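Have a look at the structure below, then the notes.
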Amino acid sequence: MSETKLTAVVLAAGKGTRMHSSRPKVLQTLLGEPMLHHVYAALTPSGMDVLTVIGHGADMVEAAFPERQGTFVEQTEQLGTGHALQVAWSAVEATGATHCLVINGDTPLITPEELEKLTSVAGTCDLAFMTITPRDPASFGRVVRDEDRRIRAIVEAKDFDMNVHGSVTGEVNAGIYLLRVDTVSALLDQLENSNASGEYYITDLVELAVSGGLVVTGVQCGDDPSLMGINSPRELITAENTLRRRIVEGLIDRGVLIHNPDTVIIGPDVTVEPGAEIFGHCEIYGTSFVAAGARLGSYNHITDASFAPGCEVRQFNHLEGAEVGEGVQVGPYSRLRPGAVLKKDARVGNFVEIKKSVVGEGSKASHLTYLGDTEIGAGANIGAGTITCNYDGKDKFKTEIRDGAFIGSNTALVAPVTVGRDALVGAGSTITKDVPDQGAAIARGKQVNLKRRLKKS
Ligand code: UD1
Ligand code: CA
């Protein structure tokens with residue numbers, strides 16, 4: 001056969017009634033990422049065009065993937081998987097595809113390698129689909145073969161009748177299909193909805209193809225858990241755990257030291273270099289990056305943060321969008337919010353919250369501090385209880401603390417304000433004016449010692 005050009009159609013319009021959630025099923029998350037994100041990730045390496053059929057909660061699905069604008073096809077009424085494909089078909093043809101890969105949006109564990117297994121048969125048949133033989137065939141569509149093991153049909157669990165369809169083989173449909181566009185096109189209009197659900201089933205294409213004399217192949221994948229579909233909370237949790245294990249074990253095999261791996265959750269887009277060390281009960285999500293030689297202690301919740309070599313994050317921290325530099329020490333019990341940048345050898349200790357601020361090289365904020373919209377130079381010391389007052393109820397203002405400055409404990413720095421190089425601020429001050437380089441500022445009420453009057457008993 002001449003060259004093949006593939007276009008994928010992801011079926012994602014269903015409500016997911018069995019999830020009992022108002023959120024569309026394909027937006028339910030596994031390891032912090034929506035189900036659909038995982039499906040897209042498996043499709044991306046092949047470089048094929050991807051169309052997505054949406055319907056239930058269409059606005060929410062589109063909003064979750066703004067970068068895919070223009071690739072969504074709306075199925076306003078969800079009349080079944082076959083109907084979903086009919087709705088997308090003209091868009092498929094418009095891509096000039098010779099073959100269409102259809103994938104259920106609720107199959108997030110699929111890998112590029114498995115998809116390759118299916119697409120590699122493109123030149124040999126008109127319709128191929130992946131089959132599995134799980135321990136429990138549950139609600140999967142049953143694969144029916146004849147005496148010669150040739151595919152005859154897929155019959156939905158609800159419609160399966162032993163007397164009509166023969167004995168149960170245990171082989172079921174995984175919901176991932178490869179269709180040859182020019183030959184399967186004509187079958188789409190022949191789908192009917194006279195079945196137990198009253199829906200147009202994509203699976204009926206198989207029987208139509210067989211009776212039309214087309215070549216149909218079932219690509220058998222044993223009991224591969226990557227092909228499991230998710231319909232209920234229990235199935236989601238099982239799949240999430242399978243994926244979690246796959247990621248954590250993969251990292252260990254590549255040289256990441258993960259203690260107590262059963263308690264570590266790492267998202268699919270996180271990068272961890274060999275030589276990093278992670279202790280148990282950690283959750284690391286988003287596009288976080290952990291360099292070789294970084295150590296993450298237990299009970300850390302991390303999203304989109306980066307960790308340079310030699311940094312140490314102790315226990316019980318919440319980090320989001322933070323940049324932790326080389327040799328930095330964090331925690332225990334600190335909160336780093338988006339835009340927190342800790343330069344080489346900085347230290348951030350207990351009950352310190354940092355937002356959109358730079359802590360310069362070797363600078364320390366060891367206890368009970370809030371730093372927001374602040375730029376701290378190198379070698380500065382921020383005393384316990386220092387608060388940058390960055391917000392006046394309407395606007396945010398910046399604080400600058402230059403190299404070598406020393407901020408005494410329990411200081412309020414009312415922004416906009418600058419504390420100069422090597423300047424000193426006395427404990428308990430409320431600083432509202434700039435402090436010059438090498439200056440010493442003190443701004444607190446004077447102490448008066450009076451004689452205490454005691455009641456006579
Ligand atoms: C489907 C297959 C079944 C297979 C199983 C694999 C059919 C009729 N049955 O069953 O043979 O074993 O997947 O997991 O296809 N969707 C739409 N529009 C609709 C209906 C569904 O886009 O009108 C989407 C859903 O969002 C979902 C996918 O199609 O992502 C599959 O639908 P679902 O209802 O989950 O099908 P199953 O009953 O699991
Ligand atoms: Ca399903």
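Every number for a ligand or one of its atoms is a count from 1 in the order of the listing. Model, not experiment: these values are computed from the prediction.
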Original post:
Would a distance-only check, ignoring hydrogens and angles, find a side-chain to backbone donor-acceptor pair under 3.5 Å from S357 to K355?
Top reply: yes
**OP:** Before signing off on this row, confirm whether L11 and ligand 1 have an N or O atom pair separated by under 3.5 Å.
**Re:** yes
**OP:** Answer yes or no: does an N/O atom from A13 fall short of 3.5 Å to an N/O atom of ligand 1?
**Re:** yes
**OP:** For I202, counting its heavy atoms only, list the atoms of ligand 1 lying under 4.0 Å from any of them.
**Re:** 15 (O)
**OP:** Identify the protein heavy atom lying closest to atom 9 (N) of ligand 1, giving its residue, its atom name and the separation to 0.1 Å.
**Re:** E156 OE1, 3.0 Å
Original post:
Closest to the Ca ion (ligand 2), which N/O/S atom of D106 is it?
Top reply: OD2
Subject >> Close N or O approach (N173, ligand 1; < 3.5 Å) >> reply: yes
**OP:** State the atoms of ligand 1, each with its element, that fall below the 4.0 Å cut-off from a heavy-atom position in K25.
**Re:** 35 (O)
**OP:** Could you list which atoms of ligand 1 come closer than 4.0 Å to a heavy atom of A84?
**Re:** 17 (C), 18 (N), 22 (O)
Subject >> Heteroatom test (N, O or S) for N231 near the Ca ion (ligand 2), limit 3.0 Å >> reply: yes
**OP:** Quick one: look at T203 and ligand 1, take heavy-atom pairs under 4.0 Å, and tell me if it's side chain, backbone, both or neither.
**Re:** side chain
Original post:
Quick one: do R145 and E171 make a salt bridge, cutoff under 4.0 Å?
Top reply: yes
**OP:** Under 4.0 Å from a heavy atom of G141: give me the atoms of ligand 1 that qualify, with their elements.
**Re:** 3 (C), 4 (C), 11 (O), 12 (O)
**OP:** Apply the side-chain hydrogen bond (donor to acceptor under 3.5 Å, both in side chains) test between T287 and each candidate in T303, D269, D304, T271; give the one that qualifies.
**Re:** D304
**OP:** Compare every heavy atom of G80 with every heavy atom of E199, then report the nearest pair and how far apart it is.
**Re:** OE1-CA, 3.7 Å
Original post:
If you measure from each non-hydrogen atom of A12 to ligand 1, which part falls under 4.0 Å: side chain, backbone, both or neither?
Top reply: backbone
Subject >> Ionic contact status for R295 with E277, cut-off 4.0 Å >> reply: yes
**OP:** Taking only heavy atoms of N231 into account, list the atoms of ligand 1 that are under 4.0 Å away from them.
**Re:** 35 (O), 39 (O)
Original post:
Judged by atom type as modelled, is there a donor-acceptor pair below 3.5 Å linking the side chain of S288 to the main-chain atoms of A305?
Top reply: yes
Subject >> Centroid-centroid under 6.0 Å between H318 and Y333 rings >> reply: no
Original post:
Do L30 and H38 come close enough that some side-chain heavy atom pair is under 4.5 Å?
Top reply: yes
Original post:
Any idea which part of H56 is under 4.0 Å from ligand 1, heavy-atom wise: side chain, backbone, both or neither?
Top reply: neither
Original post:
Should the pair D49-K5 be classified as a salt bridge under the 4.0 Å nitrogen-to-oxygen rule?
Top reply: yes
Original post:
Side chain or backbone of A174 under 4.0 Å from ligand 1, or both, or neither, by non-hydrogen atoms?
Top reply: backbone
Original post:
Is any N or O atom of G80, backbone or side chain, closer than 3.5 Å to an N or O atom of ligand 1?
Top reply: yes
Subject >> Contact (N/O only, under 3.5 Å) between G14 and ligand 1 >> reply: yes
**OP:** Determine the interplanar angle of the Y299 and H281 rings, folded into 0 to 90°, and report it as parallel if under 30°, tilted if 30 to 60°, perpendicular if over 60°.
**Re:** parallel
Subject >> ligand 1 to T81 polar contact by distance, N or O atoms, under 3.5 Å >> reply: yes
Original post:
Is at least one protein non-hydrogen atom found at under 4.0 angstrom from atom 36 (O) of ligand 1?
Top reply: no
Original post:
Any salt bridge between R150 and D148, counting N to O under 4.0 Å?
Top reply: yes
Subject >> Within reach of ligand 1, part of R18 (heavy-atom separation under 4.0 Å) >> reply: side chain
**OP:** Using a 4.0 Å heavy-atom threshold (strictly under), name the region of E199 that reaches ligand 1: side chain, backbone, both or neither.
**Re:** neither
Original post:
Considering only heavy atoms of Q75, which atoms of ligand 1 have at least one such atom less than 4.0 Å away?
Top reply: 17 (C), 18 (N), 19 (C), 22 (O), 23 (O)
**OP:** Check the angle between the aromatic planes of F65 and H37 and answer parallel, tilted or perpendicular using the 30° and 60° thresholds.
**Re:** parallel
Original post:
With the threshold set at 4.0 Å, does a side-chain nitrogen-carboxylate oxygen contact exist between R152 and E207?
Top reply: no
Original post:
For A346 and G360, which heavy atoms make the closest approach, and how far apart are they?
Top reply: CB-O, 3.8 Å
Original post:
Any N/O of N104 closer than 3.5 Å to an N/O of ligand 1?
Top reply: yes
Original post:
With a 4.0 Å heavy-atom cut-off (strictly under), which part of V172 contacts ligand 1: side chain, backbone, both or neither?
Top reply: neither
